[in-house]
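Everything on this sheet refers to the single structure shown next.
Only heavy atoms go into these numbers, but all of them, side chains included; no hydrogens, no water, no symmetry mates.
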Amino acid sequence: MSPEEWTYLVVLLISIPIGFLFKKAGPGLKRWGAAAVGLGLTLFTCGPHTLHSLVTILGTWALIQAQPCSCHALALAWTFSYLLFFRALSLLGLPTPTPFTNAVQLLLTLKLVSLASEVQDLHLAQRKEMASGFSKGPTLGLLPDVPSLMETLSYSYCYVGIMTGPFFRYRTYLDWLEQPFPGAVPSLRPLLRRAWPAPLFGLLFLLSSHLFPLEAVREDAFYARPLPARLFYMIPVFFAFRMRFYVAWIAAECGCIAAGFGAYPVAAKARAGGGPTLQCPPPSSPEKAASLEYDYETIRNIDCYSTDFCVRVRDGMRYWNMTVQWWLAQYIYKSAPTRSYVLR
C-alpha cells in the first residue's frame, strides 16, 4: 500500500470512534465539533491547498445569496469551472495539489451543487406559497431556511465523508444535527453488520495486488507478453481495484453509522443519497424512538454483492457509488432539457 492509501485508511478508521463521541452530543457541538475535525483533517492532509475548497465555498455562497431562484445552474457552472481550473493547475505552472485535496474538492463540488439546488427549491416553494396566499406546512426534504455563511462552512467541512463520501444533502446533515433522542438510534449492531466483510476484502486486495501489481503494466517487459496474457492481467488488477474501494466505502459508512448519521425509520423508505421518500413524524419520547426500526440506506454507498454478480452494466452502475449515482440522476439528468438526448 502507498503512503496515500495508508493515510486514507487511518482517516477512515479514526472517524469511527469520533462518530461515537458525537452521536449523543447536542446540535451545536455536533455542528461545530464535526466541522472542526473536518477542517483539521483537511489542513493536515491538504496544507495550503485548503484554500481551493474555501474559494469554492465562498463563491457558491455568494451565488446563492445573489440569485436564489436560479442558483442551481449558477453553482453547477461555478463549481465545475473551478474544478476544471483546479485540474489544470500543473499546466498553468501553479503548485500541484495533493491527492487528498483532489478528493476533498470532488466531494465538495457535489455538496455545494446539492445545497444550491435545495435553496432554489425552498425559494420556489416560498414564492408559490405567497402566490397562493396560504401555507401548505412542512414539505418532505425542504430546508427550513437559507443557510448562513457559517452554516454553509460547517456543512462543507463536516468530517463525515469529507474525503471518500458518501455524499449527503444539507437536509440529511440538518436531520442529524436535530435528531430527536439520538441515544435511541442503534449504532453498534448496524456497524458490525456492515463492517464484517471489510477484513476479507482487505485481505483479497493485499493478495491480488501482491500477485498482480499494477506497477507491472508500466514496465516494458509487460508489453513483450502475448496479447491474451495482457488482457487476462486486467481481470486481477480490476479485482484489486474493486476490493480497495469496497474497504474504503464500507469504512466510510461505518463512520456514519457510529455517529448515527443518516439514520431514518424504515417506514420513511430512505434512498441512498436522497434520504426519506415518505413523511415520517419524529418520535415524541425516548420509548417511542427506541421502538422504531431504523436503517442507514441514506448513506449506503456500495452494494458489493450486486456490483460483482449483476448481469447488466446498468445494474452494476446503480450499485456502485450509490449516493453519487443519485446525485447524477437528481441534479444532472433530471435538470437537462427533456428533448436534448445528447446532453442527457
Side-chain angles (χ1 to χ4, degrees), residues 4 7-8 11 35 38-39 41-68 70-120 147 149 152-170 172-173 241 245 248-249 252 273-274 301 317 320-337 340 342-344:
E4 289 81 9
T7 303
Y8 275 118
V11 169
L39 182 58
L41 289 174
T42 305
L43 290 170
F44 176 73
T45 56
C46 305
H49 299 291
T50 304
L51 183 63
H52 292 293
S53 61
L54 182 60
V55 170
T56 310
I57 295 167
L58 294 177
T60 305
W61 182 79
L63 292 172
I64 289 174
Q65 298 298 314
Q67 294 290 336
S70 57
C71 57
H72 168 60
L74 294 173
L76 187 67
W78 157 248
T79 54
F80 274 85
S81 297
Y82 195 89
L83 192 61
L84 178 63
F85 163 74
F86 175 81
R87 290 296 183 88
L89 287 174
S90 59
L91 300 176
L92 299 173
L94 297 173
T96 303
T98 65
F100 309 107
T101 313
N102 179 62
V104 171
Q105 197 70 21
L106 287 174
L107 266 298
L108 186 61
T109 298
L110 301 181
K111 292 165 76 172
L112 292 176
V113 171
S114 172
L115 175 62
S117 179
E118 290 182 88
V119 171
Q120 180 173 305
L149 175 58
T152 302
L153 287 168
S154 68
Y155 166 63
S156 301
Y157 286 118
C158 178
Y159 80 94
V160 176
I162 194 168
M163 292 184 183
T164 58
F167 157 77
F168 53 88
R169 302 166 62 218
Y170 187 76
T172 304
Y173 172 69
F241 171 84
F245 272 88
W249 280 335
N301 211 30
M317 293 179 62
W320 174 271
N321 208 357
M322 296 164 67
T323 58
V324 175
Q325 296 298 333
W326 182 90
W327 184 94
L328 286 169
Q330 187 71 20
Y331 302 121
I332 303 298
Y333 305 149
K334 291 182 180 180
S335 301
S340 179
V342 174
L343 183 58
R344 288 174 65 87

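- No side-chain donor-acceptor contact under 3.5 Å links T56 and S53.
- The two atoms that bring S117 and Y331 nearest to each other are OG-CE2, 3.2 Å, heavy atoms only.
- For residues 97-120, the pairs satisfying salt bridge (charged side-chain N to carboxylate O under 4.0 Å, His left out) are E118-R169, with sequence neighbours left out.
- In terms of heavy-atom proximity, W320 sits nearest to Q325 at O-CG, 3.4 Å.
- Of all heavy-atom pairs spanning C71 and A116, the tightest one is SG-O, 3.1 Å.
- For the atom pair I162 CD1 and T45 OG1, the distance stands at 8.0 Å (nearest 0.5 Å).
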Mind running side-chain contact (heavy atoms from CB on, under 4.5 Å) on F100 and L41 for me, showing each step along the way?
CA-CA 10 Å; F100 309 107; L41 289 174; over 6 Å; no

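- Listed by first and then second residue, the salt bridge (charged side-chain N to carboxylate O under 4.0 Å, His left out) pairs involving residues 76-104 amount to none (not counting sequence neighbours).
- Taken from CD in Q67 to CD in Q120, the straight-line distance is 10.5 Å, to the nearest 0.5 Å.
- Separation of atoms CG (L108) and OG1 (T60) is listed at 7.0 Å; rounding is to 0.5 Å.
- With rounding to the nearest 0.5 angstrom, the CG atom of L39 is 12.0 Å from the SG atom of C158.
- Applying the side-chain contact (heavy atoms from CB on, under 4.5 Å) test between T152 and each of Y157, W61, Y170 identifies W61 as the sole match.
- Contact detail for L76 and I332: the closest heavy-atom pair is CD1-CD1, 3.8 Å.
- Rounded to the nearest 0.5 Å, atoms OH (Y173) and OG (S114) are 14.0 Å apart.
- Checked against P97 for a side-chain contact (heavy atoms from CB on, under 4.5 Å), the options V104, L89, L51 give a single hit: L89.
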